[in-house]
2 protein chains.
Amino acid sequence: MRGVVRDKEATKAKLLDAAMDEFAQYGIAGARVDRIAAKAGCNKAMIYAYFGSKEGLFDELLKIQIDRMIQQVPITPDDLPGYAGRLFDSYRDQPQLLRLAAYHRLENGFEAVPAAEAEAYRHKVEAIGRAQMEGKISAEFNANDLLDMVVHMSILAFTTPNATRALVERSVSRLIAE
Amino acid sequence: MRGVVRDKEATKAKLLDAAMDEFAQYGIAGARVDRIAAKAGCNKAMIYAYFGSKEGLFDELLKIQIDRMIQQVPITPDDLPGYAGRLFDSYRDQPQLLRLAAYHRLENGFEAVPAAEAEAYRHKVEAIGRAQMEGKISAEFNANDLLDMVVHMSILAFTTPNATRALVERSVSRLIAE
DNA sequence: TTCTGACAACTAACCGGTTGGTTGACAAGG
DNA sequence: CCTTGTCAACCAACCGGTTAGTTGTCAGAA
């Protein structure tokens, strides 16, 4: 075929791409739909045709990005320091995702956790619980708290600009030491 | 006419109070100056007379709140778990401050650290360094990284709604264990 | 192969409401 | 009277969202 001029999926992809930059930089309230449309080289009305609203665009974008991150960094319950380290690297390589998530939590409340994220979290807690029962890692902390802290350490990439992967890994090692 | 007391400082205080609620809830971009004025029972023009702009109001508010927190929770280098625990409690009792700081960092970049905060941080790093040289705490992590992590653990109050002070204290204990 | 009509993709212009910020008048206190 | 804190009214720019109309694509009739 010749160069496709009209392609719904391509247009949605361009909009999502532009939305990533805009929302990560300005947040939901600060983002401007006109800027997103301009950056995507599309008409503003396409946002409303394909995503319903500014918030609809944000929600779909966040869901896609979270799914990607979940698939990209699988948990390794018997190597939590390594898991934290890989999460840290992913976050540092794609700082926009954490900014997106931070804005989402700030503006929508901390209970508004996307379903995909909540479910993935549950599976990870179970995996850690099994590893504890098998005696592979310390049982001083319960599985839920442990995952909270491992994830929390990995977002040093977001909080502390000069943090390193090695620092995160050593910290988690100490947390789970017998 | 009405029994209005004319008091510049009282008006500024009411505006700062209302601004705290508004900025913490909606962020800088999402905050509405009309709502702030209404909540303070003042006229919108007062904001511009006393603080210059919406951003000016936010900056002064953040500075005041940070100074208060710094004074309220002094560091105890030879009891870092306790320090993290007290920070955690403060943050949980006044969730608005962390929301304010989060919005500020997201919208202004992570290098834009208020001067008062940066200086207080330096003093704390030095205090930890001394405690390490005196052998009071582990020297596995350098003082700067250690403070980063202690502060980072304390903001579990912000990241993880069901976290407890005991969890934070135990975590920091493990981080600094010999 | 060429034409065509129906539909989906797209666009420019527009709309009502909102926003940060300003101003001129006025009243309280000295 | 003069200074100053206060306020209602106002403004220009902006913003999210809509709509009437245009254009590209392609199945299928000729």
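Chain letters run A, B, ... following the sequence lines, proteins first and then strands; every chain starts at 1.
Remark: B:Asn144 pairs with no residue by the side-chain hydrogen bond (donor to acceptor under 3.5 Å, both in side chains) rule, at least two apart or across chains.
Between the NE2 atom of A:His123 and the CD1 atom of A:Ile128 there is a distance of 13.5 Å, given to the nearest 0.5 Å.
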Open item on the list: Between B:Tyr103 and B:Phe58, is the ring pair (Phe, Tyr, Trp, His ring centres under 6.0 Å) condition met? List the steps.
Closed with: CA-CA 10 Å; B:Tyr103 273 121; B:Phe58 180 90; 8.2 Å; no

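Distance B:Glu9 CD to D:dT4 P: 15 Å, rounded to the nearest Å. Across the protein-nucleic acid pair, A:Asp34 atom CG and D:dG17 atom P stand 11 Å apart, rounded to whole Å.
Closest of all the heavy-atom pairs between A:Val150 and A:Tyr83 is CG1-CD2, 3.8 Å.
For the segment residues 12-33 of chain B, no residue has any heavy atom less than 4.0 angstrom from an atom of DNA chain D. In the region residues 36-60 of chain A, proximity to DNA chain D at under 4.0 angstrom, judged on heavy atoms, holds for A:Lys44, A:Ala45, A:Tyr48, A:Ser53, A:Lys54.
Contact check on A:Arg32 versus A:Glu22 returns no salt bridge, with no Lys/Arg side-chain nitrogen under 4.0 Å from an Asp/Glu carboxylate oxygen. A salt bridge is defined here as a Lys NZ or Arg NE, NH1 or NH2 lying under 4.0 Å from an Asp or Glu carboxylate O, and B:Arg165 with B:Glu169 meets this definition. Contact check on A:Lys63 versus A:Asp67 returns a salt bridge, with a Lys/Arg side-chain nitrogen under 4.0 Å from an Asp/Glu carboxylate oxygen.
Judged purely by distance below 3.5 Å, without hydrogens or angles, the side chains of A:Gln25 and A:Arg35 never pair a donor atom with an acceptor atom.
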